[in-house]
Amino acid sequence: MRMSRRVEHLPPYLFVEITKKIAEKKAKGEDVVSFAIGDPDIPTPPHIIDRLCQAAQDPVNHRYPETEGLPELRQAIAEWYKRRFDVSLDADKEVLPLIGAKEGIAHIALCFIDPGDTALVPDPAYPVYSAGTRFAGGRPYYLPLVEENGFLPDLDTIPDYILRQAKLLWINYPNNPTGAVADLDFFNKVVKFAQQHNLVVCHDGPYSEVAFDDYQPVSFMQADGAKEIGVEFHSLSKSYNMTGWRIGMVVGNAAMVDALKRIKSNLDSGIPQAIQYAAIEALTSSQECIQEHNNIYQRRRDLVIDMLHSVGLEAETPKAGLYIWAKVPKGYTSVDFATDLLDKVGVVVTPGVGYGKNGEGYIRLSLTIPDAGLVKGLSRLAVWRSSKSGLKIE
Ligand SMILES: Cc1ncc(COP(=O)(O)O)c(C=O)c1O
């Protein structure tokens, strides 16, 4: 069998490897606590599931859905953006439901990237921005996200020759994996920069509803002129604990949304309609569940930060998102440290280098772990620390 070079050169998706490692440990009877994957452990709220079950009983919803999604869903998304961000969207032209944001993020490269083209991709980052670019035959040019710049890309340092080749800029705030947030000034700067250099911007914002201490993340679509040059990907996965149902959306520039719709109409057959009705319920009913979930994540965030600090690991307290980005002890790489934690105390964390070269020196811990596991995992970190009494952390 002769595979394509695309498949032959494809590194395994980060979490496939981690899931495999956890399964191997469990098969040996070892008890593993995982802080690895950002998949909410809290169930989808019952009113959303009730609507899904009801819609699943209706034979109308047993047939092929339309690529562009139900008009009622597009309308619900537009109204949610108006209520939440005061952003006006044309539900027919500027909104497209997706089979989860990941799907749209991967496919939009096919709309803008021809073989040999360049996309500007943050590093570290959610791996799909560069995977999508490569599948389209393009090349990612990495923009380092470093602590000194608040994990925002320094657009002014991108060389001119790269800017002449680049067609698309990816950004993502609240950020995975660093936990950083961006304000409207930054988004306004991105819009100006994109206009100046003839770029399209794809902002990925699935964590905008997971926020703490009364902080409210902004939308890229609130920036002046954002709709002229860009789109925003969003998702119901993290806001409503709906990762398993696979539903998200892209909103913004009508030509960009239309291009993605044309690609998708050739590749998939839309989102199961019962799931679309569940999404309408999520977006249009009481939003109280979001605050309830955030209270849980905030408590966990504080527990994790306290424990990391008490074992001598440096980590900023994030204002939003599901992740803690912690520095590894001196003398370790991120893979060495993650391996040590797994081997010595059965705790799984994600090595930062898995998100790009600038993730080296960090590990990512997810807050999507039930309280009992969280407490067990944190006490194991203390055990790990006491086993290293001679270790100088910084
Ligand atoms: C930054 C980022 N974008 C997109 C996604 C994918 O979201 P969805 O579940 O809607 O595909 C994730 C999931 O972890 C993510 O971290």
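Start at 1 and go down the list; that is how both ligands and their atoms are numbered. Heads up: numbering here begins at 1 and tracks the sequence. All figures in this text were calculated on a predicted structure; none of them were measured in a lab.
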Requested in this report: Apply the side chain to side chain donor-acceptor pair (under 3.5 Å) test between Arg301 and each candidate in Thr317, Asn294, Asp306, Asp213; give the one that qualifies.
Outcome: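 Only one option passes, and that is Asp213.
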Check if [X] has a non-hydrogen atom at a distance under 4.0 Å from any atom of ligand 1.
X      : value
Phe233 : no
Gly248 : no
Asn172 : yes
Pro206 : yes
Ile37  : no

Query raised in the report: Between the side chains of Gln291 and Asn295, is a donor N or O closer than 3.5 angstrom to an acceptor N or O?
Result: yes
Query raised in the report: Which is closest to atom 9 (O) of ligand 1 in terms of heavy atoms, Ser237, Ser366, Ser239?
Result: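 The nearest heavy atom belongs to Ser237.
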Mind checking whether [X] has an N or O less than 3.5 Å away from an N or O of ligand 1?
X      : result
Lys238 : yes
Tyr323 : no
Asp204 : yes
Arg246 : yes

Query raised in the report: Nearest protein heavy atom to atom 6 (C) of ligand 1, by residue and atom, and its distance?
Result: Tyr126 OH, 3.2 Å
Query raised in the report: How close does the nearest protein non-hydrogen atom get to atom 16 (O) of ligand 1, and which residue and atom is it?
Result: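 Of the protein heavy atoms, Tyr207 OH, 2.6 Å lies nearest.
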Query raised in the report: How long is the span from the CD atom in Glu79 to the CD atom in Glu72, to the nearest 0.5 Å?
Result: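 Answer for the CD-CD pair, Glu79 versus Glu72, is 11.0 Å.
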With atoms numbered from 1 as shown, which atoms in ligand 1 lie under 4.0 angstrom from a non-hydrogen atom of [X]?
X      : result
Gly100 : 10 (O), 11 (O)
Tyr129 : 1 (C)
Asn176 : 1 (C), 15 (C), 16 (O)

Any idea which part of [X] is under 4.0 Å from ligand 1, heavy-atom wise: side chain, backbone, both or neither?
X      : value
Val128 : neither
Ala101 : both
Trp245 : neither

Report task. Answer yes or no on whether Lys167 is positioned over the face of Phe112, meaning its NZ or CZ is under 6.0 Å from the six-membered ring centre and within 45° of the axis. Result ->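 No, Lys167 does not lie over the aromatic ring of Phe112.
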Distance-only donor-acceptor hits, side chain of residues 155-164, under 3.5 Å, sequence neighbours excluded:
| residue | atom | partner | partner atom | Å |
| --- | --- | --- | --- | --- |
| Asp156 | OD2 | Lys189 | NZ | 3.4 |
| Thr157 | OG1 | Asp154 | O | 2.8 |

Query raised in the report: According to the interplanar angle, ranging from 0 to 90°, do the rings of Phe85 and Tyr81 count as parallel (below 30°), tilted (30 to 60°) or perpendicular (above 60°)?
Result: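 Plane angle between 30° and 60°, so tilted.
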Query raised in the report: What is the ring orientation for Tyr332 with Phe337, classed by angle as parallel under 30°, tilted 30 to 60°, or perpendicular over 60°?
Result: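 Ring orientation of Tyr332 relative to Phe337: perpendicular.
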**Report entry** Validation row, ring centre Tyr129 to ring centre Tyr126 under 6.0 Å
**Finding:**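 Yes, ring centres under 6.0 Å apart.
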Query raised in the report: Would the His293 and Tyr297 ring centres measure less than 6.0 Å apart?
Result: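 Judged by ring-centre distance (under 6.0 Å), His293 and Tyr297 do not meet the cut-off.
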Report summary line: Residues at least two apart in sequence or cross-chain that pass ring-ring contact (aromatic ring centres under 6.0 Å, His included) with Tyr362, listed by chain then number, are Trp325
Requested in this report: Please step through side-chain contact (heavy atoms from CB on, under 4.5 Å) for the pair His234 and Val251, ending with a clear verdict.
Outcome: CA-CA 8 Å; His234 213 297; Val251 305; over 6 Å; no
